[in-house]
Amino acid sequence: HTLKMVNKRGKETIITSSKFVLAMGGRPAFPDVPGIKEHCITSDDLFSLKSPPGKTLVIGASYVALECAGFLRGLGYDTTVMVRSILLRGFDRDMAERIGRAMADHDKVKFIQPAVPTKVEKQEDGKLRVTFTVDGKEQCDVFDTVMVATGRKPCTEG
């Protein structure tokens, strides 16, 4: 296999190998929901907040979503996780369900499941009103912070 690489200055380098590992990194992916990109943060942003997150909604069911929800709750913040279908897809089902139960029972993390966000709006007081569906019924709640942890997309541009 042969790769031609071009750096930012336009210099070309040709390399050959029997195998290559492409590690281009990734950026958070946002679901196609009105207001979500404008008003929500990602796990990348969580550690650079200028003020405490307050009542927080975590959208997603990945290990990143659950890890962030767990430590936010551990720090004393009212934390809710919105799950579209199941926790930790691709992981052992029994262990994933045990983790969810432990987070709910012991850590007092709240879960909204199955739920899909449909809209995020910033209110006049700066809080975020999240509209979502649960079993086909529309509901809403208000949060200080909404964090999206619904996956990543590879950085392949440029």
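Just so it is clear, the structure is predicted and the values come from calculations on it, not from any experiment.
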Hey, could you give me the CD/CZ distance between Gln113 and Arg84, rounded to the nearest 0.5 Å? 11.5 Å

What's the separation between atom CZ in Arg152 and atom CZ in Arg27, rounded to the nearest 0.5 Å? 6.5 Å

Report the C-alpha separation of Thr80 and Phe143 in whole Å, then their side-chain angles, then the decisive distance to 0.1 Å, and conclude whether the side-chain contact (heavy atoms from CB on, under 4.5 Å) test is met. CA-CA 9 Å; Thr80 302; Phe143 300 90; 4.1 Å; yes

Which distance, rounded to the nearest 0.5 Å, do you find between the CD1 of Ile99 and the CD of Glu97? 10.5 Å

Determine the minimum heavy-atom distance between Val81 and Ala69, stating which atoms define it. CG2-CB, 3.5 Å

Within 6.0 angstrom of Arg98 CZ, more than 12 heavy atoms from elsewhere: no

To the nearest 0.5 Å, what is the distance between CZ on Arg129 and CD on Glu121? 6.5 Å

Taking Arg73 for the side chain and Val109 for the main chain, is one N or O donor matched with an acceptor at less than 3.5 Å? no

Separation of Thr16 OG1 from Lys4 NZ (nearest 0.5 Å): 15.5 Å

Would you say the side chains of Asp45 and Thr42 form a donor-acceptor pair under 3.5 Å? yes

Distance check, rounded to the nearest 0.5 Å: Thr56 atom OG1 versus Asp78 atom CG? 8.0 Å

Got Tyr63 and Leu88 here, is their nearest side-chain heavy-atom distance under 4.5 Å? yes

Could you check whether Phe71 and Phe47 have their ring centres less than 6.0 Å apart? yes

Passing option when Leu57 is tested against Met147, Met82, Lys110 for side chain to side chain contact (heavy atoms under 4.5 Å, CB included): Met82

Pairs where residues 136-146 contributes a residue and the test salt bridge (charged side-chain N to carboxylate O under 4.0 Å, His left out) is met, not counting sequence neighbours: Lys55-Asp141, Lys127-Asp144

Test side-chain contact (heavy atoms from CB on, under 4.5 Å) applied to Val142 and Leu128, step by step: CA-CA 5 Å; Val142 176; Leu128 302 173; over 6 Å; no

